[in-house]
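What follows is a set of notes on a single structure, which appears directly below.
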Amino acid sequence: MTILIGIYVLILGLVLGSFYNVVALRVPAGESVIHPPSRCPHCGTRLTGTDMVPVFSYLWSRGRCRHCQAPVSVWYPIGEALTGLMFLWMYLEYGFTAQAITGMVLVSLSVIITVADIYYMKIPNRVLLFFLPVLLVLVLLFPVTSLWSHLAGGIGAGVILLIAAIASKGGMGMGDIKLFALYGWVLGFPNMLMALFIACLLGLVTGLILRCTGRSGKKQPIPFGPFLAVGTLIAYVYGPVIISGYLSLIV
Ligand SMILES: [Zn+2]
């Protein structure tokens with residue numbers, strides 16, 4: 001039974017991941033997510049059902065458009081596969097619970113803003129405004145810690161990044177601040193600090209790697225949203241265990 005539900009959750013994630021790619025690429029450009037139907041950006045041929053099976057269409061057509069042979073971005077199947085696998089991850093961690101649902105909503109938000117932030121260097125307000133009420137209600141109904149902790153997490157996360165934005169004179173966007181305030185609300189305090197720590201560490205390492213390999217200039221900004229997303233997902237699942245283990249060491 002668990003395996004069957006697991007497969008279902010994985011497929012659900014793959015299909016939604018495919019939709020999230022569309023949302024992330026169209027919403028910042030001010031386009032509708034429903035109309036027009038997806039087309040090959042190169043030859044304009046409308047994609048049919050067989051072109052839109054997550055991951056598998058890409059593999060069958062060897063990463064090329066079936067009509068004009070133009071290469072299709074490898075990020076599409078990667079986004080789909082990651083969404084599917086992270087949905088499965090939440091189900092395996094939490095089973096059929098509210099915490100798994102909150103986790104999958106968190107994964108959904110994270111995938112969309114990661115693709116949008118990498119592609120457009122911005123975190124779309126419309127996406128945040130869509131997820132804000134969903135996550136507000138989910139945490140109010142099924143808090144992981146006390147509501148005060150969730151509230152402190154949200155406010156604290158926003159304030160810390162706001163100070164960082166002022167100190168770095170624009171190195172951090174308003175989108176990052178709003179996103180992390182929402183993440184902080186879900187994670188609560190002090191777990192949101194762990195998310196920020198992981199995000200900064202990953203950002204630092206990635207920045208160094210990009211610079212050393214000459215793939216980004218000194219002044220070229222790196223989007224921070226994806227790092228906040230990864231840090232938040234890791235902290236959501238493992239943060240409480242790590243923090244309680246750490247506290248038991250020092251107390
Ligand atoms: Zn084409």
Side-chain angles (χ1 to χ4, degrees), residues 9 11-38 52 54 75-76 78-87 89-91 94 97-144 147 150-151 153-155 157-158 161-162 165 172-188 192 195 199 223-233 235-237:
V9 166
I11 293 173
L12 179 72
L14 289 173
V15 172
L16 284 175
S18 172
F19 176 63
Y20 296 159
N21 274 331
V22 175
V23 172
L25 295 178
R26 287 192 182 184
V27 166
E31 297 169 21
S32 157
V33 292
I34 307 164
H35 193 81
S38 298
M52 294 195 284
W75 289 104
Y76 285 101
I78 289 177
E80 292 160 357
L82 280 178
T83 311
L85 290 174
M86 287 192 291
F87 266 48
W89 177 37
M90 292 300 164
Y91 171 66
Y94 300 117
T97 61
Q99 216 176 343
I101 303 291
T102 305
M104 289 174 199
V105 173
L106 215 52
V107 166
S108 303
L109 167 65
S110 302
V111 169
I112 296 174
I113 62 95
T114 296
V115 176
D117 206 11
I118 291 175
Y119 201 84
Y120 293 103
M121 279 299 287
K122 67 178 171 192
I123 294 165
N125 256 330
R126 279 171 63 193
V127 172
L128 291 176
L129 283 174
F130 176 84
F131 281 94
L132 175 70
V134 180
L135 288 171
L136 271 180
V137 170
L138 273 174
V139 171
L140 279 173
L141 291 177
F142 311 103
V144 181
L147 278 178
H150 284 292
L151 203 58
I155 295 171
L161 281 208
L162 186 64
M172 187 103 47
M174 273 311 285
D176 295 316
I177 299 169
K178 286 181 274 188
L179 173 69
F180 195 49
L182 186 53
Y183 279 154
W185 160 253
V186 179
L187 293 175
M192 118 277 177
F224 195 48
F227 300 114
L228 288 174
V230 174
T232 295
L233 289 172
Y236 180 73
V237 176

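Note that the numbering runs from 1 along the sequence shown for the chain.
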task = Determine, step by step, whether Asn125 and Met174 satisfy the side chain to side chain contact (heavy atoms under 4.5 Å, CB included) criterion, reporting the C-alpha distance in whole Å, the side-chain angles of both residues, the deciding distance to 0.1 Å, and the verdict.
result = CA-CA 10 Å; Asn125 256 330; Met174 273 311 285; over 6 Å; no
task = Could you please spell out the steps behind the side chain to side chain contact (heavy atoms under 4.5 Å, CB included) verdict for Leu25 and Tyr119?
result = CA-CA 8 Å; Leu25 295 178; Tyr119 201 84; 3.6 Å; yes
Output the distance between atom [atom1] ([X]) and atom [atom2] ([Y]), rounded to the nearest 0.5 Å.
| X | Y | atom1 | atom2 | answer |
| --- | --- | --- | --- | --- |
| Leu14 | Leu82 | CG | CG | 10.5 Å |
| Leu187 | Phe180 | CG | CZ | 7.0 Å |
| Phe19 | Ile112 | CZ | CD1 | 7.5 Å |
| Leu182 | Leu128 | CG | CG | 6.5 Å |
| Thr114 | Tyr20 | OG1 | OH | 13.0 Å |

inquiry  = According to side-chain contact (heavy atoms from CB on, under 4.5 Å), who are the partners of Asp176, at least two apart in sequence or on a separate chain?
reply    = Asp117, Ile123, Leu161, Met172, Phe224, Leu228
message = Test of understanding: with side-chain contact (heavy atoms from CB on, under 4.5 Å), list the residues that count as partners of Ile155, not counting sequence neighbours.
response = Leu151, Val159
Taking atom [atom1] of [X] as the centre, does the number of heavy atoms from other residues, nucleotides or ligands within less than 6.0 Å exceed 12?
| X | atom1 | value |
| --- | --- | --- |
| Tyr120 | OH | yes |
| Leu141 | CG | yes |
| Tyr94 | OH | yes |
| Tyr76 | OH | no |

Passing option when Met104 is tested against Val9, Thr83, Leu109 for side-chain contact (heavy atoms from CB on, under 4.5 Å) = Val9
query = Which atom pair, heavy atoms only, marks the closest approach of Ser110 to Ala229?
reply = CB-CB, 3.7 Å
ask   = What are the two closest heavy atoms between Phe130 and Pro133, and how far apart are they?
value = O-CD, 3.5 Å
Flag side-chain contact, heavy atom, 4.5 Å: [X] against [Y]:
| X | Y | answer |
| --- | --- | --- |
| Met121 | Pro28 | no |
| Leu233 | Trp89 | yes |
| Val107 | Phe87 | yes |
| Tyr183 | Leu106 | yes |

ask   = What do the steps show when you test Thr102 against Thr97 for side chain to side chain contact (heavy atoms under 4.5 Å, CB included), and what is the final call?
value = CA-CA 9 Å; Thr102 305; Thr97 61; over 6 Å; no
request  = Begin with the C-alpha distance, continue with both residues' side-chain angles, and end with the deciding distance and a verdict on side chain to side chain contact (heavy atoms under 4.5 Å, CB included) for Met90 and Val105.
outcome  = CA-CA 10 Å; Met90 292 300 164; Val105 173; over 6 Å; no
query = Side chain of His150, backbone of Leu140: donor and acceptor closer than 3.5 Å?
reply = no
